[in-house]
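Each chain gets a letter, A, B and so on, in the order its sequence line appears, and its residues count up from 1. Atoms considered below: every heavy atom in the structure, side chains included; atoms not considered: hydrogens, waters and symmetry mates. Since this is a predicted model, take the numbers as computed values, not measurements.
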Protein chains: 2
Amino acid sequence: MTLPQAGSDPVTVRAPRSIPEASVARLAVYLRMLGELAEQGADTVSSEELAAATGVNSAKLRKDLSYIGSYGIRGVGYSVSALIHQLERALGLNHRQAVALIGVGNLGHALAGYGGFGGRGFPVTALFDVDPDLVGIHINGILVDHVRDIPTTCRERGITIGMIATPGPAAQGICDALVEAGVRCILNFAPVVLQVPEEVEVRKVDLAVELQILAFHVARKRLVVEGAEVDGESLAVPDAQANGHPVNGTSNGGIR
Amino acid sequence: MTLPQAGSDPVTVRAPRSIPEASVARLAVYLRMLGELAEQGADTVSSEELAAATGVNSAKLRKDLSYIGSYGIRGVGYSVSALIHQLERALGLNHRQAVALIGVGNLGHALAGYGGFGGRGFPVTALFDVDPDLVGIHINGILVDHVRDIPTTCRERGITIGMIATPGPAAQGICDALVEAGVRCILNFAPVVLQVPEEVEVRKVDLAVELQILAFHVARKRLVVEGAEVDGESLAVPDAQANGHPVNGTSNGGIR
DNA sequence: GCAACTTTGTGCGTGCCTTCACAAGCGGCT
DNA sequence: AGCCGCTTGTGAAGGCACGCACAAAGTTGC
Ligand SMILES: NC(=O)c1ccc[n+]([C@@H]2O[C@H](COP(=O)([O-])OP(=O)(O)OC[C@H]3O[C@@H](n4cnc5c(N)ncnc54)[C@H](O)[C@@H]3O)[C@@H](O)[C@H]2O)c1
Ligand SMILES: NC(=O)c1ccc[n+]([C@@H]2O[C@H](COP(=O)([O-])OP(=O)(O)OC[C@H]3O[C@@H](n4cnc5c(N)ncnc54)[C@H](O)[C@@H]3O)[C@@H](O)[C@H]2O)c1
């Protein structure tokens, strides 16, 4: 499908050769593990080894890697350093991406102080809040600005990613400000569904939902152990050990 | 497959009627939105309205709800209160699930102080750390215990869910202790792949991966805007606006 | 230089998830 | 009482993702 064959359309568009979203997520995991292997002095790694270390099927891993090109050596494996380079290129990590964090409360403090973002190419370079006690202080060497400065400051510093850690009711307003500031990728920790224009990408981290999914599995296991329904109805799930959070869906019903 | 039809097996097993994992995640989102609607005094809600509010396709929403039974009224919609009750039952929220948090550092402090968990039926009732400066203090009224007490304390308090917020290298050891304590569901914030027996369910929250997925979309959009490849290769994705994090995969290579 | 071994890259079948589209069912209106 | 409009619940179809299994391709040893 969508092969660059003649016939269907007058102008033959270049094959999009898109990377499945699911694979992108795994590629990021491979990349981190490769970094650890490189530190340990590993020179090459086989798909089987890397798959075991990251907990995926080796065939799936090879297919994931095949989306970004053929950089393996048959009979040997993959060159760790070369693969790191290719993954960084494919994931768009050759340019640093500056991140803005809005809402420097409990969670925001932890995020702002976390070194794991900057260390992986995502320096948090702007902090925003409305609380007068917070605006003006420094966290991890970064000044907290007032949210009214979001449009100007984000453009000035070339911010491409926004992280929202405000209370739920404030999130949509902040989101709108970020979009106005030209930010087109948002990571949202507030438990609300953000409405955005379709060119903006939103990912939601929803810890309460994570716990509820786990709770569901607890309940399911209780049924299996007890061998009978607790509440008059049965609940079950096919596999477990999976980890897919959809909650998405070509959001029509949004701004569109 | 596995239909309760006569023929295949001597003893006909009751239809498992499993709920797809993807649907479970969305059901939790519907439940939260229904809670908000109930607060606003809504009596009934149609699939179209609820779908718009949660950003999903209305047909998908109806199918999700159909997995837990037929509680809608044709021509009217769903009774908000009745649907909340059914969702709570289906998700296993009729019993409170006590949560243990291990690692009370930056992130752990934020999690321990967060009221959103207890408010939604997941009270954090145990905290653990190794740092002598932390062991013994109270956070949000909960005493921080030493990690060596994990097995006894977790069993005493009937803990069913563990949240790991320690540095990566410590995570596997903590995980093993939790499993030994009978905890069978774990939410892991450390950037490592945990090896667990197959009866244990692990979900990973990996913020650096979230950012990398966003960065990938930034890069992809840059290409679209500039209309040419930046680095000699093209990268693209079909849809965007999706939100699936797999990174899983019937983890063979684990303990099994 | 050849044979045996190792590992990649991928074609293909299978199953899950999503989406469309519509019949069935329910309430309200006349 | 009967009709009409609205909404649910689901059959069917398509697409995506996963994983097996194997040919191709490279390496090592002799
Ligand atoms: N703390 C957690 O562990 C945790 C867990 C899951 C989800 N969350 C979610 O993350 C968000 C933040 O949680 P928190 O515990 O840090 O809350 P918090 O109340 O401690 O912090 C919120 C911060 O946002 C600021 N703020 C409020 N309105 C604002 C606005 N309009 N613009 C900018 N800043 C504003 C406040 O001044 C405060 O500093 C909430 O939506 C919460 O539901 C938090
Ligand atoms: N802070 C963030 O925003 C953030 C974001 C993403 C991921 N993470 C991950 O979450 C984890 C915690 O991050 P953090 O910023 O809170 O780190 P931190 O160093 O502030 O806190 C870690 C805590 O774990 C404790 N600890 C260390 N070894 C332990 C052990 N063996 N048993 C029990 N406790 C132990 C330490 O005493 C400390 O209190 C890390 O794995 C980090 O990669 C954090």
task: May I ask you to list the residues of residues 33-43 of chain A, by number, that have any heavy atom positioned under 4.0 Å from an atom of DNA chain C?
output: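 Heavy-atom contacts with DNA chain C come from no residue of residues 33-43 of chain A; none.
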[atom2] on [Y] to [atom1] on [X], rounded to 0.5 Å:
X: A/Gln86; Y: A/Leu31; atom1: CD; atom2: CG; value: 12.0 Å
X: B/Met163; Y: B/Leu107; atom1: CE; atom2: CG; value: 8.5 Å
X: B/Thr166; Y: B/Ile174; atom1: OG1; atom2: CD1; value: 5.5 Å

task: In sequence, state the C-alpha distance, the side-chain angles, and the governing distance for B/Phe117 and A/Leu211, and then conclude on side chain to side chain contact (heavy atoms under 4.5 Å, CB included).
output: CA-CA 8 Å; B/Phe117 297 144; A/Leu211 287 182; 3.6 Å; yes
Of all pairs that satisfy salt bridge (Lys or Arg N to Asp or Glu O under 4.0 Å), the ones with a partner from residues 61-86 of chain A, not counting sequence neighbours: A/Arg26-A/Asp64
query: What pairs with A/Gln97 under side-chain hydrogen bond (donor to acceptor under 3.5 Å, both in side chains), at least two apart in sequence or on another chain?
result: A/Thr160
Could you tell me how far apart [X] ([atom1]) and [N] ([atom2]) are, to the nearest whole angstrom?
X: A/Ile68; N: C/dT10; atom1: CD1; atom2: C1'; answer: 16 Å
X: B/Leu61; N: C/dC17; atom1: CG; atom2: C1'; answer: 15 Å
X: B/Lys60; N: C/dC20; atom1: NZ; atom2: P; answer: 10 Å
X: B/Glu21; N: C/dC17; atom1: CD; atom2: P; answer: 8 Å

task: Please examine the side chains of B/Ile213 and A/Arg203, heavy atoms only from C-beta on, and report whether any two atoms are closer than 4.5 Å.
output: yes
- request: State whether a side-chain donor-acceptor pair under 3.5 Å links B/His217 with B/Gln212.
  value: no
Closest to the A/Asn57 side chain, choosing from D/dC20, C/dT19, D/dC18: D/dC20
Partner residues of B/Phe189 under the ring pair (Phe, Tyr, Trp, His ring centres under 6.0 Å) criterion, sequence neighbours left out: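 If we apply the ring pair (Phe, Tyr, Trp, His ring centres under 6.0 Å) test to B/Phe189, skipping adjacent residues, there are no hits.
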message: Rounding to 10°, can you tell me the angle the first-five-pair axis of the helix from C/dG1-D/dC30 to C/dT30-D/dA1 makes with its last-five-pair axis?
response: 10°
- request: List the atom of A/Arg32, the atom of B/Val209, and the distance in Å for their closest heavy-atom pair.
  value: NH2-CG2, 4.0 Å
message: Ignoring hydrogens, what is the shortest heavy-atom contact between A/Gly162 and A/Val183? Give both atom names and the distance.
response: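 Answer, listing the atom of A/Gly162 first, then A/Val183: N-CG1, 3.6 Å.
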task: Summarise how protein sits on nucleotides 4-12 of chain D as a single string, 5' to 3': B when a protein heavy atom is under 4.0 Å from the base, S for sugar-phosphate-only contact, - for no contact.
output: --BBBBBBB
